[in-house]
Amino acid sequence: MAWEVFSIIGTIAFALSGAIVAMEEEYDLFGVYLLGVVTAFGGGAIRNLLIGLPVTTLWSQEMMFQIALAAITLFFLVPQRFIKHWNRWGNLFDAIGLAAFAVQGAMYAVKLELPISAVIVAAVLTGSGGGIVRDLLARRKPTVLRDEIYAMWAAGAGLIIGLQFLTGDLFLYMIFICVMTLRILSYMRGWQLPRKKLLVK
Amino acid sequence: MAWEVFSIIGTIAFALSGAIVAMEEEYDLFGVYLLGVVTAFGGGAIRNLLIGLPVTTLWSQEMMFQIALAAITLFFLVPQRFIKHWNRWGNLFDAIGLAAFAVQGAMYAVKLELPISAVIVAAVLTGSGGGIVRDLLARRKPTVLRDEIYAMWAAGAGLIIGLQFLTGDLFLYMIFICVMTLRILSYMRGWQLPRKKLLVK
Amino acid sequence: MAWEVFSIIGTIAFALSGAIVAMEEEYDLFGVYLLGVVTAFGGGAIRNLLIGLPVTTLWSQEMMFQIALAAITLFFLVPQRFIKHWNRWGNLFDAIGLAAFAVQGAMYAVKLELPISAVIVAAVLTGSGGGIVRDLLARRKPTVLRDEIYAMWAAGAGLIIGLQFLTGDLFLYMIFICVMTLRILSYMRGWQLPRKKLLVK
């Protein structure tokens, strides 16, 4: 039940992040819907492909689709001055989505008894794959690969869940809260992963 | 029979649009073939993935492949001054391809008894998915997301076919003609979808 | 046995080429791992998708994953002045990877008794698909489509293997050596495929 609420919040946050990027790039209404839908559902679709779940499970999420489309439509219609307020909430909701999808993605791979590398990849793709496709379609460098720590927290969730030292709902809720908190802290404090600059020839 | 002719026209138009983009980007002969083939067959491949048809049906289209490769080769060899004439015909042929592939893509999803959201996505991907991948490989913003109305007509075809109020060949031909006509009008009159500019922070 | 050694060399070369591109783009540590892994394993994954092998065979390559991750980690840690020496070896190792993966990819398609177009596509994707995805994620024009001849040698291997005039290990080793040699010569002598510039409207 709680996971469903987190998924709805995350789906809306992801769909709106896609819609916002499309608007910033001056894409038309079709582009706004497309980037919104791809951001919300693309990560899960790629995960299903890679871990061997039928991709068609997409189409059993009719309600989630409708929620995403409604959110995008509403967002397209509201005046610009309301959008400013979204940014503040958007990052919180996005962190909820990242954490919920990472945990759920990892659990899919665990149920299929895949090795730990697959569990980590499933967590990362479900949490951040949609955002990467969104940025590609907007011809941007994926923010996930360069800004404040994001997907690494999903990878961490995948690792801990994949090790299966602990299981059970309480454990998953704890991981959810950790990922969400770490992501929010990363954003607020500007935490970044190390990088190493190479001189381009 | 008629559909097969439309498919051949569409495949040639899509393959050449890929080849043209590759040449504009100064890609080499391999790039010209790759973008041509991806534009002609990429949309159908992604649709198959998402609606659960075997992707390997690609390889039963041997004749279409050969037609596409022959068209690209010919186009690469003819002198530049003939290419000018192509533009005029190219948009007509492209509209035939968009309309034929949208109708065919939607029908694939209908036969699999998928929900209406899947029928719309299948129509859009079959009609415009190849063009999106083409633009990504050329590092361009997908024209489908920003120029004159294109994929929205495919989405409309998907919606009408998916509602299944009417069926039958005559009905499908009518949709085909509508999509083609609307696309040509969009191009000639510069019809665009509404857009909403956000101030980039 | 020998093929396994070539695969390991190729996997390391591809993983490091992804890591280098990520560093050049100033991606963070996560981006370095992601581009490394995608370059090493992405081509094979897309090939599996298109020729109908289960994508999940990815997860049986646990050892290859670990080798790739270890190579990327080491590369991230060594001082910059050692990296200069890599470039010299990098192109040799990359050519070994291209040749080995092209042969292996083609053989997968042959074993599935797919038509020759599928064998060529399988060879090209296995040899150069990872590099294309790498460049997309780095928002670069794919080097494969514009620089010295690369994927065309893989296509040639696919064509010759797909014709099945000859079979057997010795034959495959000869193709391997040809592709590797031709790629190295292409790089050293700057061999390029013909291209045809179109005037952008």
Side-chain angles (χ1 to χ4, degrees), chain B residues 16-38 41-42 44-46 48-50 53-66 68-69 72-73 75-81 83-84 86-87 90 133-141, chain C residues 45-55 108-109 112-122 124-125 127-129 131-133 135-156 158-159 162 186 190-201:
Chain B
L16 293 188
S17 90
I20 290 172
V21 168
M23 292 178 195
E24 286 176 353
E25 298 291 333
E26 300 185 49
Y27 286 173
D28 64 20
L29 184 59
F30 179 80
V32 170
Y33 279 112
L34 187 97
L35 260 73
V37 167
V38 160
F41 300 98
I46 302 175
N48 283 2
L49 266 182
L50 290 188
L53 285 175
V55 181
T56 45
T57 52
L58 260 182
W59 312 114
S60 58
Q61 301 182 286
E62 196 70 18
M63 191 191 70
M64 285 293 190
F65 263 114
Q66 284 164 10
L69 293 179
I72 297 168
T73 307
F75 196 80
F76 195 82
L77 294 176
V78 296
Q80 176 119 8
R81 68 201 142 88
I83 291 178
K84 275 182 237 153
W86 170 252
N87 278 332
V133 180
R134 174 199 65 206
D135 291 342
L136 289 182
L137 285 173
R139 218 188 49 170
R140 296 182 173 188
K141 289 190 179 181
Chain C
I46 301 174
R47 175 208 62 214
N48 284 1
L49 265 182
L50 290 187
I51 69 173
L53 285 176
V55 181
Y108 277 118
L112 293 168
E113 300 184 8
L114 292 171
I116 195 158
S117 51
V119 180
I120 296 172
V121 170
V124 168
L125 281 176
S128 67
I132 293 177
V133 180
D135 290 342
L136 288 182
L137 285 173
R139 219 188 48 171
R140 296 180 172 189
K141 290 191 180 180
T143 61
V144 167
L145 307 180
R146 50 205 313 259
D147 291 345
E148 301 87 13
I149 310 177
Y150 190 100
M152 198 56 113
W153 302 129
L159 177 65
S186 304
W191 288 350
Q192 301 211 330
L193 291 170
R195 62 196 70 202
K196 178 173 188 173
K197 183 152 171 38
L198 280 193
L199 300 166
V200 186
K201 283 173 298 188

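Numbered from 1 within each chain, the chains take letters A, B, ... in sequence-line order. Side chains included, hydrogens not; waters and symmetry mates left out as well; all remaining heavy atoms used.
Proximity to chain B is limited to the side chain of C:Ile132, based on heavy atoms less than 4.5 angstrom apart. For C:Asp135, no part lies near chain B; criterion is any non-hydrogen pair under 4.5 Å. Interface remark: B:Leu69 contributes no atoms to any contact with chain C (heavy atom separation under 4.5 Å). Contacts between B:Leu29 and chain C at a heavy-atom distance below 4.5 Å involve backbone atoms as well as side-chain atoms. Both the backbone and the side chain of C:Val144 have a heavy atom closer than 4.5 Å to some heavy atom of chain B. Both the backbone and the side chain of B:Leu137 come within less than 4.5 Å of a heavy atom in chain C. Heavy-atom distances place both the backbone and the side chain of B:Glu26 under 4.5 Å from chain C. Of the two parts of C:Leu136, only the side chain, counted from C-beta on, holds a non-hydrogen atom closer than 4.5 Å to a non-hydrogen atom of chain B. Contacts between C:Leu49 and chain B at a heavy-atom distance below 4.5 Å involve backbone atoms as well as side-chain atoms.
In terms of heavy-atom pairs under 4.5 angstrom with chain B, the leader among C:Val121, C:Ile149, C:Ile116 is C:Val121. Listed options C:Leu50, C:Asp147, C:Val124 were ranked by heavy-atom pairs under 4.5 angstrom with chain B; first place goes to C:Leu50. If you tally non-hydrogen atom pairs under 4.5 Å between each of C:Lys141, C:Met152, C:Gln192 and chain B, the highest count goes to C:Lys141.
Between C:Lys196 and B:Leu77, the closest heavy-atom pair is NZ-C, 4.0 Å.
Between atom CD of residue B:Gln61 and atom OG of residue C:Ser117 there is a gap of 10.0 Å, rounded to the nearest 0.5 Å. How far CG of C:Leu145 is from CG of B:Asp28: 7.0 Å, rounded to the nearest 0.5 Å. Taking CZ of B:Phe30 as the reference point, atom CG of C:Leu193 lies at 9.0 Å (rounded to 0.5 Å).
Qualifying side chain to side chain donor-acceptor pair (under 3.5 Å) partners for B:Tyr27, counting only residues two or more places apart in sequence or in other chains: none.
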